[in-house]
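Structure record follows, encoded as structure tokens.
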Amino acid sequence: MSETPPNTLQYRFDGREDAPVLILGPSLGTTWHMWDRQVPELTKQWRVFRFDLPGHGGAPAHPADSVSDLVTRLLATLDGLGVQRFGYAGCALGGAIGIELALRHPERLASLALIATSPRFGTPDEFRQRGVIVRTNGLDPIARTSPERWFTSGFAAAQPAITDWAVQMVRTTDPGCYIAACEALAVFDSRADLGHVGVPTLVLVGSDDQVTGPAEARTLVAGIRDARLAVVPGASHLVPVEQPGAVTDLLVRHFSTAWHPGYDSTSGQMAIVGPPVRPVLAAPAQASPIAEIAPAPVPAQVPGGPDRYDTGLKIRREVLGDAHVDEALAEAEDFSADFQELLTRYAWGEIWDRPGLDRRTRSCVALTALVAGGHLQDVAAHTRAALRTGLTPDEIKEVLLQTAVYCGIPAAGAAFRTAQQVIHEETTLAE
């Protein structure tokens, strides 16, 4: 066990100190205990290192809103312990950490196993909405539905104690850290980089996983040059818990036979491994609709400066959501394409990117201005944006009450009706 500074992770070791290190990374909403039934067998050959995500399992609540940040904290923890080279197995978000390790720090990684993992987890909108739900209702709605996402119905019915354990594990997670982890998954997308993963990789998935199922697993195998696929029958998303024996056997076989040597045992010298061949990859199958639109000529940028259109499109998607932006861009024709260019580049790439106000404050200003100007058709989109930028429903209510005083009762009343419907939609967990 460990004391945990903000730049490291809570961890534990099992197994003899002279064994090679094998790291087990957890899924969002779980703790290192999800691996309990793998540890006895794995410690026969490896020194097993398990860690908790921030705010999970009683770990200090220091939110990390990107997978890269989690990798940095993991490596800082390992550096402090003198662990330089290791095998890594991760489930879901833990698998995303494994992909990032393989891409950014291949010299540290001897072998990799990706369990219930995808190169991109759903859509950014889905994870940002989950963050809105948690910010509004706490973790109870997520906790109550976790068994449906994690286990097959037969397992959940036959193992009520494990089902209750799963619910309580989510309920005891720090909400702010859970929301930050949702943001990390919302922006994680390794599809274009899979060809750069150069370590031996096992891709393992439950046959009945409805979250990151066999289709996502096959995408990983197709993209990673030295990867093999294992599908575990009768298992859903949290396959190490539901089928512990099968997962343990597969991990033992993989890490016993596919452990990339880090040094020459005869000379004692470190092996210098050349970078993997980086093929030119085709664009992802689900490319952004912006690629289908013939945009107006882009004004020249200041040499070395940022492309304000790209910046604006990124911010516009983060604030308004992919679905809204995709619809707006798809509807653009020759006549309105210039306006979409102007809107994206100037409003979002210039104004929304200025450092003077945070996004929460800008959302308050935007809602107020829309009501004051009578632009009620845009209140729905900016109510969703306000929820995404961190405003709670109560704070949105206060903004609209303020507009009632300064902008008029009728306009505020119409805005309340629109906002109420949006808040209900965005803060209710889909069945």
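Just so it is clear, the values below take in all heavy atoms, side chains as well, and ignore hydrogens, waters and symmetry mates.
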So that I can tick it off, tell me whether [Y] and [X] are bridged by a salt bridge, with the cut-off set at under 4.0 angstrom between side-chain N and carboxylate O.
X      : Y      : value
Asp326 : Arg317 : yes
Asp226 : Arg228 : yes
Arg12  : Asp52  : no
Glu318 : Lys314 : yes
Arg384 : Glu425 : yes
Arg360 : Asp358 : no
Arg50  : Asp14  : yes
Asp310 : Arg308 : no
Arg120 : Glu216 : no

Atom of [X], atom of [Y] and distance for their closest heavy-atom approach:
X      : Y      : value
Pro119 : Phe188 : O-CE2, 3.4 Å
Gly206 : Val231 : C-CG1, 4.5 Å
Cys177 : His62  : SG-N, 3.8 Å

Quiz item: For residues Thr212 and His237, is any side-chain donor paired with an opposing acceptor at under 3.5 Å?
Solution: yes
Practice problem: Please name the residue in the list Leu401, Val379, Thr403 that meets the side-chain contact (heavy atoms from CB on, under 4.5 Å) test with Phe416. | Solution: Leu401
Exercise. Check the pair Thr152, Glu242 against side chain to side chain donor-acceptor pair (under 3.5 Å), reporting the backbone distance first and the verdict last.
Key: CA-CA 8 Å; Thr152 60; Glu242 189 161 5; 2.4 Å; yes
Exercise. Determine, stepwise, if the pair His375 / Asp378 fulfils side chain to side chain donor-acceptor pair (under 3.5 Å).
Key: CA-CA 6 Å; His375 308 300; Asp378 292 324; 5.8 Å; no
Quiz item: Going by the angle between their ring planes, with limits at 30° and 60°, are Tyr178 and His56 parallel, tilted or perpendicular?
Solution: parallel
Quiz item: When the ring planes of Phe155 and Phe151 are compared, do they come out parallel, tilted or perpendicular, using 30° and 60° as the limits?
Solution: tilted
Quiz prompt | Gln421, CD: over 12 other non-hydrogen atoms inside 6.0 angstrom | solution = no
Exercise. Please indicate whether Arg359 has more than 12 foreign heavy atoms, meaning atoms of other residues, nucleotides or ligands, lying under 6.0 Å from its CZ.
Key: yes
Exercise. Show the numbers, then the answer: is there a salt bridge (Lys or Arg N to Asp or Glu O under 4.0 Å) between Asp18 and Arg47?
Key: CA-CA 8 Å; Asp18 62 339; Arg47 190 180 190 203; over 6 Å; no
Exercise. Start with the C-alpha distance between Arg253 and Asp249, add both sets of side-chain angles, then the distance that settles salt bridge (Lys or Arg N to Asp or Glu O under 4.0 Å), and finish with yes or no.
Key: CA-CA 6 Å; Arg253 188 182 313 166; Asp249 289 346; 6.0 Å; no
Practice problem: Show your reasoning for whether side chain to side chain donor-acceptor pair (under 3.5 Å) applies to His382 and Ser363. | Solution: CA-CA 7 Å; His382 278 273; Ser363 282; 5.8 Å; no
Quiz item: Taking it one step at a time, do Leu74 and Tyr88 satisfy side-chain contact (heavy atoms from CB on, under 4.5 Å)?
Solution: CA-CA 12 Å; Leu74 175 59; Tyr88 183 93; 4.0 Å; yes
Quiz item: Is it true that the NZ or CZ of Arg108 lies under 6.0 Å from the centre of Phe86's six-membered ring and within 45 degrees of the ring axis?
Solution: no
Quiz prompt | Evaluation steps, side-chain contact (heavy atoms from CB on, under 4.5 Å), between Arg316 and Leu320 | solution = CA-CA 6 Å; Arg316 190 178 178 186; Leu320 294 177; 4.0 Å; yes
Exercise. Using the ring pair (Phe, Tyr, Trp, His ring centres under 6.0 Å) rule, take Phe49 and Tyr11 through it: C-alpha gap first, then chi angles, then the decisive distance, then the call.
Key: CA-CA 7 Å; Phe49 176 100; Tyr11 69 90; 5.4 Å; yes
